[in-house]
Amino acid sequence: VILNEMLEQSPLEQILSLMKILNLMFITEDKYILSNFDFHKSTNPKEKDRMNKIIKHTTLHFRRNIPLEEIAGVASLSKSAFCRYFKNSVKKSYLDFLYEIRVEYACKLLLEDHLGMTQICYESGFNNPSSFSQIFKRNKGVSPNKYRKTNSISNRI
């Protein structure tokens, strides 16, 4: 409601409305963590550089298929060495990491509330709606539809 009213307001009134929204967000007891994304924190500069390359490549290309050979090449490792390295460093498989990035992006799209589920599925880098829904639910604990309904801004303000 407040966001819709802002469209008709002067710039000063918009700032005041934004302050009102931020205050509501601060005082509400009904808070949800929308992202639990955490990057690897290595102290070894060489390993930190390698992981940064992996993360950068993944975040730039997550919307398309990233073959294991490709990401292993970014890390200058063989496929099997990369899998061991990544699992030991991040405590999850590369595929699980990639899925988390895709799901976080899907969350962003779901909150924008103007795209359909199938479009969000493909925009997020998933190849079919069924696997998108399963992976999303495994990562977030709710279906994409339920996530959208319970977290949309129009429901929270």
Side-chain angles (χ1 to χ4, degrees), residues 3 15 18-19 21-28 30-157:
L3 289 175
I15 291 171
L18 179 61
M19 299 290 278
I21 290 169
L22 292 173
N23 185 54
L24 286 170
M25 290 170 60
F26 178 74
I27 64 173
T28 186
D30 192 22
K31 296 178 184 173
Y32 300 93
I33 296 173
L34 297 179
S35 173
N36 60 358
F37 197 69
D38 188 21
F39 290 111
H40 170 71
K41 296 170 182 76
S42 174
T43 55
N44 179 335
K46 184 178 176 186
E47 294 306 313
K48 196 173 206 171
D49 183 51
R50 174 180 277 160
M51 190 56 70
N52 284 338
K53 286 179 183 177
I54 293 165
I55 291 167
K56 181 179 180 184
H57 187 83
T58 305
T59 56
L60 287 174
H61 303 287
F62 72 89
R63 293 172 64 186
R64 67 168 177 79
N65 181 37
I66 303 174
L68 203 47
E69 296 84 5
E70 179 182 326
I71 197 65
V74 168
S76 301
L77 296 167
S78 69
K79 283 187 345 183
S80 59
F82 171 79
C83 290
R84 278 191 310 276
Y85 166 78
F86 196 87
K87 184 87 169 185
N88 288 334
S89 298
V90 184
K91 308 300 183 228
K92 63 182 80 170
S93 72
Y94 178 73
L95 190 57
D96 286 340
F97 172 73
L98 179 60
Y99 286 160
E100 283 183 13
I101 291 173
R102 289 175 175 171
V103 166
E104 292 303 326
Y105 186 70
C107 288
K108 175 189 171 303
L109 295 178
L110 286 164
L111 296 180
E112 290 174 359
D113 206 31
H114 67 277
L115 298 175
M117 283 302 152
T118 303
Q119 189 174 0
I120 290 172
C121 162
Y122 294 117
E123 287 288 322
S124 302
F126 291 96
N127 291 328
N128 77 53
S130 178
S131 65
F132 165 63
S133 190
Q134 289 174 345
I135 293 165
F136 190 98
K137 189 168 186 171
R138 185 172 66 219
N139 276 266
K140 291 295 179 185
V142 294
S143 70
N145 278 321
K146 184 158 186 171
Y147 181 89
R148 174 179 266 172
K149 287 176 188 167
T150 58
N151 293 295
S152 70
I153 290 177
S154 59
N155 289 342
R156 317 249 319 134
I157 296 178

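One-based numbering along the sequence shown.
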Discussion item. With rounding to the nearest 0.5 angstrom, report the OH to OG1 distance, Y94 to T58.
Written reply: 2.5 Å
Item to complete: State which residues pass salt bridge (Lys or Arg N to Asp or Glu O under 4.0 Å) with R50; sequence neighbours excluded, sorted by chain then number.
Response: E47
Worksheet item: Given I135 and R138, is the side chain to side chain contact (heavy atoms under 4.5 Å, CB included) satisfied, shown in steps?
Response: CA-CA 5 Å; I135 293 165; R138 185 172 66 219; 3.7 Å; yes
Practice prompt. Please test F26 against L22 for side chain to side chain contact (heavy atoms under 4.5 Å, CB included), starting from the C-alpha separation and ending with a verdict.
Written response: CA-CA 6 Å; F26 178 74; L22 292 173; over 6 Å; no
Worksheet entry | Distance (rounded to the nearest 0.5 Å) between N139 CG and R102 CZ | 12.0 Å
Practice prompt. Measure the shortest side-chain to side-chain distance between I66 and L98 over non-hydrogen atoms and say whether it is less than 4.5 angstrom.
Written response: yes
Item to complete: Quick one: which residue pairs count as a salt bridge (Lys or Arg N to Asp or Glu O under 4.0 Å) with a foot in residues 117-132, not counting sequence neighbours?
Response: R63-E123
Worksheet item: Is the closest side-chain heavy-atom distance between F97 and I71 below 4.5 Å?
Response: no
Discussion item. Restricting to ring-ring contact (aromatic ring centres under 6.0 Å, His included), what partner residues turn up for F62, sequence neighbours left out?
Written reply: Y105
Worksheet item: Hey, what's the ring geometry for F126 with Y99, parallel, tilted or perpendicular (30° and 60° as the breaks)?
Response: parallel
Worksheet entry | Student check: side-chain heavy atoms of K137 and Y147 closer than 4.5 Å | no
Practice prompt. With sequence neighbours excluded, give me every salt bridge (Lys or Arg N to Asp or Glu O under 4.0 Å) pair touching residues 74-87.
Written response: E69-K79
Worksheet item: How about E104 and K140: do any of their side-chain heavy atoms sit closer than 4.5 Å?
Response: yes
Worksheet item: Are any of the side-chain heavy atoms of R148 and M117 separated by less than 4.5 Å?
Response: yes
Item to complete: Name all residues meeting the side-chain contact (heavy atoms from CB on, under 4.5 Å) criterion together with K56; count only those two or more places apart in sequence or in a different chain, and write none if there are none.
Response: L60
Practice prompt. Provide the full list of side-chain hydrogen bond (donor to acceptor under 3.5 Å, both in side chains) pairs with a residue in residues 125-136, sequence neighbours left out, each pair given once.
Written response: N128-S131
Item to complete: Could you list the residues that satisfy side-chain hydrogen bond (donor to acceptor under 3.5 Å, both in side chains) with D96, not counting sequence neighbours?
Response: S93
Practice prompt. Could you tell me whether the side chain of L109 reaches within less than 4.5 Å of the side chain of S124, counting heavy atoms only?
Written response: yes
Fill in: Contacts of H57 that satisfy side-chain hydrogen bond (donor to acceptor under 3.5 Å, both in side chains) - sequence neighbours left out
E70
Discussion item. Donor-acceptor check, side chain of D49 to backbone of P45, threshold 3.5 angstrom: yes or no?
Written reply: no
Item to complete: Under the side chain to side chain contact (heavy atoms under 4.5 Å, CB included) rule, what do L110 and F136 come out as? Steps first, then yes or no, please.
Response: CA-CA 12 Å; L110 286 164; F136 190 98; 3.6 Å; yes
Discussion item. With heavy-atom distances below 4.5 Å as the criterion, would you say the side chains of F82 and I54 are in contact?
Written reply: yes
